[in-house]
Protein chains: 2
Amino acid sequence: MTEHADPVTTPYRPRATLRDVAAMAGVSMKTVSRVVNGEAGVTPQKVDAVRLAVSRLDYRPNVSASALRRSSRRTAAIGTVLEDLANPFSSALLRAVEDVANEKRVLILAGSVDEDQQRERALVRAFTERRVDGLIIAPVGEDQGYLRTEMEAGTPLVFVDRQPQGLLADCVLSDNEAGARNAVHQLAEVGHRRIAYLGDLAIIPTAQQRFAGYQRGLLECGLPLDPAHVVHDLHTIDDAARATTALLRSEGAPTALFASQNLVTIGAITALQELGLEQGVALFGFDDFPLADLLKPRVSVVAQDPAAMGRAAAELLFERLDGERDRPRRILLPTTTVLRGSGEIPPGRP
Amino acid sequence: MTEHADPVTTPYRPRATLRDVAAMAGVSMKTVSRVVNGEAGVTPQKVDAVRLAVSRLDYRPNVSASALRRSSRRTAAIGTVLEDLANPFSSALLRAVEDVANEKRVLILAGSVDEDQQRERALVRAFTERRVDGLIIAPVGEDQGYLRTEMEAGTPLVFVDRQPQGLLADCVLSDNEAGARNAVHQLAEVGHRRIAYLGDLAIIPTAQQRFAGYQRGLLECGLPLDPAHVVHDLHTIDDAARATTALLRSEGAPTALFASQNLVTIGAITALQELGLEQGVALFGFDDFPLADLLKPRVSVVAQDPAAMGRAAAELLFERLDGERDRPRRILLPTTTVLRGSGEIPPGRP
DNA sequence: CTGAAAGCGCTTACAG
DNA sequence: CTGAAAGCGCTTACAG
């Protein structure tokens, strides 16, 4: 009992085990196991004795130990690998995953990758070494083939936001291209002919899709693609603000801006406000954000639904855990064009 | 090998174990264990043989199984219990915890309690049943005494945002009272004498502290506390907007508003904009929020630093895990008064 | 330097 | 209805 006592500091009181409960209740470990797991076929008398001992010892079963021995081998935990737990997109997605998992009494291990391939692999490895029952991943690496063994071992994998490469697996995506295209159509309809593209890192697949949608939109509207109006690789608010300022001060400045992502949109707004042009230049953002409708002008956006993505991904995952063995599914969620004002500003006079 | 084969669907390929690696490498399990854990004293020849087998079998050690046997009993995972993983405060805090934990190669189990005591206990129980190495908790329950056994068993506990009740443990708090008091002083300095309080659920300890700060501020500035200007129990944007509208339409309406929380501030802004009063009524919010400085007027706030809270909490926790056995510490983080414009609007003429 | 035996906390597969 | 023995995947504590 006191074998682990530390001579220097107060010893910790070791946690009670199944064996301790059995000893106190005067039954076998197997009987305690039955009671704790709610199995039928135990005398009410013994059930009471076990319950009493459990509560006296404040016994907490060791779920890891039981998972180790159980035939299902389930740990009742899933891993969620996201871009950045602090950003609104990732955190809304995570919360939706949590809500679905919670109904199944499953816990969430979560981590941020920050656009770093190494980190993606390190997190996945750490999660699989804990034998999570499944993984939801917003992939950043260029190849997810390293997950093949994991899939073959029966761990369901669902990718969100971006498609996996080098691996066939379930995924849940936003229709990035259609969303961007719609924004361009909307701006063209108001009369814009010089619509700039402000894009995130060009290596990001979703950024590529949004750029493709921008190009298609221009084409469909009979507008030329002006390379001077295309800026890639904006990853922070400051990046975007600087690029916007430069663009608007240039010869033949655009009359409308399409910002391919949250932070880029905010950077563009910052620049527009500094230049006093927020009512004079149209702006469309990809991704909605809190307070977009309290700004002046209110900000028009192509909205994704991160909560719906998280929910869909979690539901796919749990279907797999329930035995669904169909071929990989690909869920494409539509975006919503939200007209609030900034996207409807007409072109000014040249 | 094929004992678990399922006749109906493709069988999963069972994951390789230490035993499999040992067999393939032609060494004992103990030797594989040594290599995998980087222990010295193994012939380079055998190290190579083991490494080869590990990579051929794509062997992933089972961390739960090893934790079960290890004397330290560490699982290299901590639990984080927060209000709502989707809100900016919780998610910024979580991300900071993650960054500290990541350096220690420790994973995060996370969950939301949504102001629900039952959920707090259920999450804590689920985490402890997985034998997390420590817990960071933003408590909502009125009593955390149920965690005593856990503490005695040696699991470090750090509370954030709110103080634990019925339990002495480390905690990291914002100085809510001082922050609210400072806001009132600021508003009074500009000339306001009728400053309304818009508060969150009165049962929330931090709301109580902010209300106390509001009262103290009024007292110190020689202003009367007008019960008609105090509204409690606003928990959503809509609640706050409605209350603000009612307040501003009433006889002897306030000339300044103190909003005790994020969503309440946003609700107040919504109402002010609808009434066209955003430039005529002063507003101070507790808690900063993204875009506060892009609104018109820019929103003055008492800023907390959720990332600093998360970092401090995680650092406390890891100090405990490193053996620190001092008495519980209480870290009180100061707030920052950020003057942006809305808090400096002077009172209009009555 | 290496490995056989025992055991972490629990469940399985039996036998009674 | 109940329990003794074996074993999940790994590390400990030894012995050689």
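Quick note on labels: first sequence line is chain A, next is B, and so on, each numbered from 1. Computed over heavy atoms, backbone and side chain alike; hydrogens, waters and symmetry mates excluded.
- Checking C/dC1, D/dG3, D/dT2 against every side-chain atom of A/V27, the shortest atom distance belongs to D/dG3.
- With sequence neighbours left out, the salt bridge (Lys or Arg N to Asp or Glu O under 4.0 Å) criterion links A/E98 to A/R95, B/R119.
- Residues satisfying the side-chain contact (heavy atoms from CB on, under 4.5 Å) criterion with A/E142, sequence neighbours excluded, are A/Q117.
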Sequence-aligned protein contact record of nucleotides 8-16 of chain D, with B where the base is within under 4.0 Å of a protein heavy atom and S where only the sugar-phosphate is
BBBBBB---
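- Judged as a salt bridge (Lys or Arg N to Asp or Glu O under 4.0 Å), and not counting sequence neighbours, the contacts of B/E129 are B/R125.
- In this structure, the side-chain hydrogen bond (donor to acceptor under 3.5 Å, both in side chains) partners of A/R13, at least two apart in sequence or on a different chain, are B/E152.
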Any chance you could encode DNA chain D as dot-bracket? Rule is Watson-Crick or G-U wobble with both distances under 3.5 Å; [ ] for pairs crossing earlier ones, | for another strand.
|||.||||||||.|||
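- Residues B/K46 and B/D48 are not paired through a salt bridge, judged by the lack of any N-O separation under 4.0 Å between the basic side chain and the carboxylate.
- Rounding to the nearest 0.5 angstrom, the gap separating the OG atom in A/S112 from the CG atom in B/D99 is 7.0 Å.
- OP1 or OP2 of D/dT2 sits under 4.0 Å from a side-chain N or O of A/T43.
- Here A/R131 contributes atom CZ and A/S64 contributes atom OG; the two are 12.0 Å apart, rounded to the nearest 0.5 Å.
- Taking side-chain N and O atoms only, A/K46 has a distance below 4.0 Å to OP1 or OP2 of D/dT2.
- Between B/T31 and the phosphate of C/dG3, there is a side-chain N or O to OP1/OP2 separation shorter than 4.0 Å.
- Salt bridge A/D322/A/R320: absent, no basic N to carboxylate O contact under 4.0 Å.
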